[in-house]
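Working notes, beginning with the structure itself.
Heavy-atom basis, side chains included; hydrogens, waters and symmetry copies ignored.
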Amino acid sequence: QVQLVESGGGLVQAGGSLRLSCAASGRTFSNYAMGWFRQAPGKERDFVAAISGSGGSTYYADSVKGRFTISRDNAKKTVYLQMNSLKPEDTAVYYCAARSGSTSYSVPNRYDYWGQGTQVTVSS
């Protein structure tokens, strides 16, 4: 069982930055790939970024490539999402998720555990 708690969301102006954190419980954090997803009102939950258990591989949605960076600290059982050059269209609730396996990182239903989400609002 893995419990995930996100933090770091807030209100920021366009062009600004935020760093989201996701703290995990459990003894085998490094066994899980981690992903970030986001969901805007009235829209589906979209893939943002993912990172392998070792941290050696990362994956990004085209919409955030070059602006967002996913990383993890397995000793702290925490995954991060550094978000730079934020745009109003980045406004959403951001969720972190954990999964076993090593394929289809962008598919939400492949993830086993989810956090409660943190709101990110980017004003124009």
Side-chain angles (χ1 to χ4, degrees):
Q1 190 78 2
V2 177
Q3 291 185 326
L4 304 172
V5 179
E6 301 98 332
S7 61
L11 173 64
V12 64
Q13 288 188 332
S17 298
L18 282 175
R19 188 194 197 200
L20 305 184
S21 299
C22 174
S25 66
R27 298 178 295 172
T28 56
F29 179 67
S30 60
N31 288 353
Y32 292 91
M34 300 296 295
W36 285 97
F37 292 79
R38 65 187 181 187
Q39 189 167 19
K43 296 188 177 182
E44 294 184 349
R45 190 167 295 189
D46 291 333
F47 170 72
V48 175
I51 188 167
S52 62
S54 67
S57 298
T58 56
Y59 309 86
Y60 296 94
D62 288 343
S63 59
V64 307
K65 279 181 183 176
R67 299 189 299 123
F68 291 10
T69 302
I70 189 170
S71 61
R72 66 190 295 159
D73 184 332
N74 285 344
K76 295 182 178 179
K77 298 181 182 179
T78 301
V79 62
Y80 305 97
L81 185 68
Q82 178 67 44
M83 305 186 295
N84 299 329
S85 302
L86 282 161
K87 304 175 182 179
E89 51 263 43
D90 294 318
T91 295
V93 177
Y94 282 70
Y95 299 89
C96 73
R99 60 160 292 177
S100 55
S102 58
T103 60
S104 304
Y105 285 115
S106 66
V107 180
N109 64 15
R110 295 296 183 96
Y111 286 77
D112 304 305
Y113 304 101
W114 290 85
Q116 82 289 349
T118 185
Q119 176 71 46
V120 172
T121 303
V122 184
S123 63
S124 58

Verdict with supporting geometry, Asp90 and Lys87, salt bridge (charged side-chain N to carboxylate O under 4.0 Å, His left out): CA-CA 5 Å; Asp90 294 318; Lys87 304 175 182 179; over 6 Å; no
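- Note on residues 52-89: pairs passing ring-ring contact (aromatic ring centres under 6.0 Å, His included), not counting sequence neighbours, are Tyr59-Tyr105.
- Cluster annotation: Leu81 is connected to Leu86 through the hydrophobic network of ILVMFWY side chains, with a link wherever side-chain heavy atoms come within less than 4.5 Å.
- Once rounded to the nearest 0.5 Å, the distance linking OH of Tyr111 with OG of Ser104 reads 9.0 Å.
- When the options Tyr95, Tyr94, Trp36 are evaluated for a side-chain contact (heavy atoms from CB on, under 4.5 Å) with Cys22, the one that passes is Trp36.
- The environment of CD in Gln119 is crowded: more than 12 heavy-atom neighbours from other residues, nucleotides or ligands sit within 6.0 Å.
- For the atom pair OG1 (Thr58) and CE (Met34), the distance works out to 14.5 Å, reported to the nearest 0.5 Å.
- Between Ser17 and Asn84 the shortest heavy-atom distance is OG-OD1, 2.9 Å.
- Considering only heavy atoms from C-beta on, Phe29 stays 4.5 Å or farther from Lys76 through its side chain.
- In the hydrophobic clustering of ILVMFWY residues, with side-chain heavy atoms under 4.5 Å counting as a link, Val93 and Leu18 come out apart.
- Here the OG-CD distance, from Ser21 to Gln82, works out to 9.5 Å after rounding to the nearest 0.5 Å.
- The two atoms that bring Leu4 and Ala24 nearest to each other are CD2-CB, 3.6 Å, heavy atoms only.
- Distance CG/Asn109 to CZ/Arg45: 11.5 Å, rounded to 0.5 Å.
- Atoms CD and CD, on Gln3 and Gln116 in that order, are 10.5 Å from each other to the nearest 0.5 Å.
- Within the 3.5 Å criterion, the main-chain N or O of Pro88 finds no donor-acceptor partner in the side chain of Ser124.
- Leu20 has its side chain within reach of Met83: a pair of non-hydrogen atoms, C-beta onward, lies under 4.5 Å apart.
- A side-chain donor-acceptor contact under 3.5 Å links Arg67 to the backbone of Ser85.
- Contact check for Arg38 versus Val120: no side-chain heavy atoms found under the 4.5 Å cut-off.
- Between the side chain of Thr91 and the backbone N or O of Val122, at least one donor-acceptor pair lies under 3.5 Å.
- Note: Trp114 and Phe37 have tilted aromatic rings, judged against thresholds of 30 and 60 degrees for the angle between ring planes.
- How far OG of Ser71 is from CD1 of Ile51: 6.0 Å, rounded to the nearest 0.5 Å.
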